[in-house]
Amino acid sequence: MRLKSPTTEVLCVALTNGTGIRIGPEARDVPTEFVKEAFAAGAIPESVDASEFIKPAEPPVDDSK
């Protein structure tokens, strides 16, 4: 399955047996044994538009009033 990070941040996915992979904003083939953990870490399928997952920055709240 081809997965990618929804942001520019690289996702690090590790299994309990000590193996791991890195998933960046460019889609990559993810071995079957990593898919569940990759989704749990926030990875999305290659075909999904990542902008749906990026929340625009909210202006700071001014509590001085």
Side-chain angles (χ1 to χ4, degrees):
M1 175 176 265
R2 291 186 59 81
L3 300 176
K4 64 184 178 182
S5 171
T7 67
T8 57
E9 297 294 319
V10 174
L11 301 173
C12 295
V13 180
L15 301 179
T16 57
N17 66 6
T19 59
I21 60 170
R22 294 167 51 93
I23 303 171
E26 298 295 323
R28 67 166 288 171
D29 287 319
V30 174
T32 305
E33 61 267 26
F34 286 96
V35 172
K36 181 179 176 183
E37 288 79 6
F39 280 125
I44 59 174
E46 175 182 35
S47 60
V48 175
D49 180 13
S51 66
E52 296 175 20
F53 295 90
I54 301 172
K55 183 168 100 168
E58 296 179 12
V61 177
D62 183 8
D63 291 335
S64 63
K65 294 180 182 180

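Contact between Gly42 and Pro6 at its shortest, heavy atoms only, is O-CD, 3.2 Å.
Met1 is not listed as a side-chain neighbour of Thr32, based on a closest heavy-atom distance of 4.5 Å or more.
With sequence neighbours excluded, the residues forming a side chain to side chain contact (heavy atoms under 4.5 Å, CB included) with Asp29 are Arg2, listed by chain and number.
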Under 3.5 Å, side-chain donor or acceptor atoms of residues 10-26 against the rest of the protein: list the pairs with distances, not counting sequence neighbours.
{"unit_1": "Asn17", "atom_1": "OD1", "unit_2": "Thr19", "atom_2": "N", "d": "3.0"}
{"unit_1": "Asn17", "atom_1": "OD1", "unit_2": "Thr19", "atom_2": "OG1", "d": "2.7"}

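Atom CD of Glu9 sits in a sparse spot, with 12 or fewer heavy atoms from other residues, nucleotides or ligands closer than 6.0 Å.
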